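Bear in mind the structure is a predicted one, so any value in this text is a computation, not a measurement.
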Amino acid sequence: MARYLDDRIVRWRTGSNEGQFLVLAALIGVVLGMTLISLTNYAAVPAASFVVPILVGMLALRFRPLLALVLFTVMCIATSVIKEISSSGLVVGRIGTLVAIATIIAIVLFDSSRRRSGLPGPLGEAMLVDLRDRLQAQGVVPPLPTGWTAQSAMLTAGGVKFAGDFLVANLSDDESRLEMVLVDVCGKGVTAGTQSLQFAGALGGLIGALPPLGLFSAANDFLLRQDWDEGFATAVHVLIDLDTGAYTIINAGHPPALRWDAAQREWIIDGARGTALGITKDAEFHQTVGGLSAGDALMFYTDGVVESRTKDFTSGIEWLRTIAAKVVSTGFDQAPRRIIAQVESGDDDRAVLILTRALSPSVAGTDSSSPRPKRPRR
């Protein structure tokens, strides 16, 4: 029985016709049982009680099955109310109850008909969240070879679960080259979040398959083809040789990367600049080259970290250099989270990514608390 019920739940979660029919049949059975009780004892199951299966149907059924449930329920309500009126007469309060029921039914049907996914609310949300989780998995930096640490932190504006900032990462099969792209899609809230999901999927399929400049050129063409009101994004790309520490950075309208110089104990501004993605077909991207020695680090972030109502872009970068220097003076562990915690709250998403080369070979992995061995070559 448990296996049967589990199978039925799975079928409902897929949104299949069979799953919808089973839920509809169950709710109709509930309404029919309520009607039989109401006909014998109206006080036990008054007309207002029939709203409950309708609300459950709104959460579990697509529009057409819900409409069938509503029509059946309305007939049952009419039958019960007519019998009650014939025996006890028409009460003024009962008219108000029927008007309230009719209003609730109209709202339920209108809401269901406006769902563009064609799925009930919980199923549509679950599908979108699953898509977000699958795409965000592409942004998880793989376990790195001994001596390297990658940490990131992100905070969305307004507490929504979908952000316009995202990260895409790829580690070569021989674990000698790490490639990462941090992107900030223009806009705020759910609109930017849904656009970032689509853009993240496109970038996730291209990273590692194209050279850095070719990747940004393809990303620029992709955004130009989209029919978005605000169809542009800023991005920063880093490609680093994990054996030597040599790296290249390409910037497309994004805040400049910062490099931690362990010898000088300060964050140095990288000089890579370029046109934001999705602005013009002839976008120009320039790259810088450099190297990380033991104890050095690279930091990438979005404009929500350095811009606010009280700070402009330039002063925000200087503020970040100062704060980040104080944070890493006690170590790089959880540094992105500690930096974001000091950012002034605002209406923009905030993201920080730090890639560190350890002082000694004993410090390793994406989790700075424990080393990770290198994986065998595929």
Side-chain angles (χ1 to χ4, degrees), residues 1-38 45-81 97-137 158-163 189-202 226-229:
M1 178 60 70
R3 186 178 303 147
Y4 174 82
L5 291 176
D6 183 66
D7 181 64
R8 301 284 82 77
I9 292 174
V10 169
R11 291 178 182 272
W12 170 74
R13 285 177 176 173
T14 62
S16 66
N17 291 333
E18 180 183 357
Q20 291 288 294
F21 176 78
L22 290 173
V23 174
L24 175 61
L27 289 175
I28 286 179
V30 170
V31 173
L32 186 58
M34 293 175 63
T35 304
L36 295 177
I37 297 175
S38 182
V45 184
S49 302
F50 288 87
V51 171
V52 175
I54 292 177
L55 294 177
V56 174
M58 180 184 69
L59 298 175
L61 296 174
R62 299 198 300 260
F63 176 70
R64 289 187 178 180
L66 177 61
L67 180 60
L69 174 66
V70 168
L71 293 176
F72 180 79
T73 304
V74 167
M75 289 190 295
C76 291
I77 292 174
T79 302
S80 176
V81 170
T97 300
L98 294 176
V99 171
I101 293 174
T103 303
I104 293 173
I105 289 175
I107 294 174
V108 166
L109 291 177
F110 175 78
D111 176 74
S112 180
S113 67
R114 298 290 294 177
R115 293 173 185 159
R116 291 184 292 177
S117 68
L119 295 172
L123 287 184
E125 181 181 2
M127 180 182 67
L128 191 58
V129 170
D130 181 64
L131 175 62
R132 179 204 64 184
D133 293 342
R134 289 174 184 269
L135 292 176
Q136 285 186 347
V160 297
K161 300 298 183 182
F162 298 91
V190 177
T191 300
T194 54
Q195 292 174 350
S196 71
L197 288 180
Q198 186 177 357
F199 194 26
Q226 307 310 305
D227 187 22
W228 294 344
D229 292 336

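When all heavy atoms of Thr35 and Cys76 are compared, the closest pair comes out as OG1-CB, 3.1 Å. The minimum heavy-atom distance linking Phe63 with Leu109 is given by the pair CE1-O, 3.6 Å. Here the closest non-hydrogen pair linking Leu61 and Leu24 is CD2-N, 3.9 Å. The minimum heavy-atom distance linking Ala47 with Val81 is given by the pair CB-CG2, 3.9 Å. Val23 and Ala60 make their closest contact through CG1-CB, 3.8 Å (heavy atoms, listed as atom of the first residue, atom of the second, distance).
Looking at Ser80, its side chain never comes within 3.5 Å of a backbone N or O of Ile77 through a donor-acceptor pair. Gln20 places a side-chain N or O within donor-acceptor distance of the main-chain N or O of Arg62, the cut-off being under 3.5 Å. Proximity of a side-chain donor or acceptor of Ser112 to a complementary backbone N or O of Val108 within less than 3.5 Å is not detected.
For the atom pair CD1 of Ile105 and CG of Leu55, the computed distance is 9.5 Å after rounding to the nearest 0.5 Å. Between the CG atom of Leu22 and the CG atom of Leu27 there is a distance of 11.0 Å, given to the nearest 0.5 Å.
Taking Leu71 as the reference, Leu67 meet the side-chain contact (heavy atoms from CB on, under 4.5 Å) condition, with sequence neighbours excluded. Qualifying side chain to side chain donor-acceptor pair (under 3.5 Å) partners for Thr73, counting only residues two or more places apart in sequence or in other chains: none.
Applying the salt bridge (Lys or Arg N to Asp or Glu O under 4.0 Å) rule to pairs touching residues 101-112 yields Asp111-Arg115, sequence neighbours excluded.
In this structure, Phe50 and Val45 have side chains that are in contact, with non-hydrogen atoms separated by less than 4.5 Å.
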